Every structure is written in C-alpha cells, then in structure tokens.
Amino acid sequence: VYDEAEQRIEMRLVSLERQSVHIAGTDIDLDAGEYIVTEHSHKYSPDRFAEMARDAGFISCQAWSDANNLFSVQYLRAS
C-alpha cells in the first residue's frame with residue numbers, strides 16, 4: 001500500500017482467518033482480514049536523500065538509477 005502523505009510503501013501481512021500467534025513471548029490475536037505492518041519503505045527525491053545523508057554525516061559520492069528514476073542505489077562515504 002502506498003501512503004501518499006508519508007511518501008512510503010507499507011508492506012503488510014494479512015490474516016486469512018481468525019488466529020492467535022505467539023511472537024517473542026507475546027500472544028497476538030488476529031481477525032480474518034486484519035493485518036500487521038512489517039515494513040515501511042520510504043521514498044525520497046534524490047535531493048532530499050542527499051540532504052538527509054549530509055545531516056547524518058555522510059557525503060554522497062555517486063548514485064545509480066533506473067531509466068525511469070523510480071529507484072536508486074546510493075554510494076555514501078562518512079564525512
């Protein structure tokens with residue numbers, strides 16, 4: 001699911017039936033159709049990503065992107 005306001009994709013596991021799961025010493029009851037969020041994949045513009053990297057103490061050395069600029073791989077170095 002893409003959350004436009006947060007600019008992120010949410011990965012979800014959806015329970016197909018009512019069930020109880022035991023995780024790390026905790027029982028969690030799930031109804032059919034109920035979901036748990038397992039990942040937030042945030043999306044940033046190249047400029048915003050470079051700004052966040054600088055703020056965290058990194059220097060952007062190089063970036064590679066797909067032909068449509070939908071994703072990229074960033075090479076960062078600690079400053």
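Nothing here was measured: the structure is a model prediction, and the numbers come from that model.
The CG atom of D3 sits 13.0 Å away from the NZ atom of K43 when rounded to the nearest 0.5 Å. Rounded to the nearest 0.5 Å, atoms CD (E17) and CD (E34) are 13.5 Å apart. Note that the OH atom of Y2 and the CD atom of E10 stand 11.0 Å from one another [nearest 0.5 Å]. Taken from CG in L76 to SG in C61, the straight-line distance is 7.0 Å, to the nearest 0.5 Å.
Using a 4.0 Å cut-off between a side-chain N of Lys or Arg and a carboxylate O of Asp or Glu, E51 and R54 do not qualify as a salt bridge.
Taking the salt bridge (charged side-chain N to carboxylate O under 4.0 Å, His left out) definition, one finds that R18 meets it with D31, sequence neighbours left out.
Counting non-hydrogen atoms of neighbouring residues, nucleotides and ligands closer than 6.0 angstrom, the CE atom of M52 exceeds 12 such neighbours. Applying the 6.0 Å contact sphere to CD of Q19 captures more than 12 heavy atoms from other residues, nucleotides or ligands. At most 12 non-hydrogen atoms from other residues, nucleotides or ligands lie less than 6.0 angstrom from CZ of F71.
Applying the side-chain hydrogen bond (donor to acceptor under 3.5 Å, both in side chains) test to residues at least two apart or on different chains, the pairs with a partner in residues 57-68 are S65-N69.
No hydrogens or angles considered: a donor-acceptor pair under 3.5 Å links the side chains of S20 and D29.
A single hydrophobic cluster is seen to contain both L30 and L13, as judged by linkage of ILVMFWY side chains at heavy-atom distances under 4.5 Å, directly or through other members. Follow the hydrophobic side-chain contacts under 4.5 Å out from Y75 and you reach V73 in the same cluster.
Using a 4.5 Å cut-off on side-chain heavy atoms (C-beta onward), V21 and D27 make no contact. Between R12 and I36, every side-chain heavy-atom pair lies at or beyond the 4.5 Å cut-off.
S79 places a side-chain N or O within donor-acceptor distance of the main-chain N or O of G57, the cut-off being under 3.5 Å.
In this structure, Y44 and H42 have parallel ring planes: the angle between them is below the 30° cut-off, well short of the 60° mark.
Scanning all heavy atoms of the two residues, the minimum distance from E39 to S41 falls at OE2-CB, 3.9 Å. A32 approaches L16 most closely through the heavy-atom pair CB-O, 3.9 Å.
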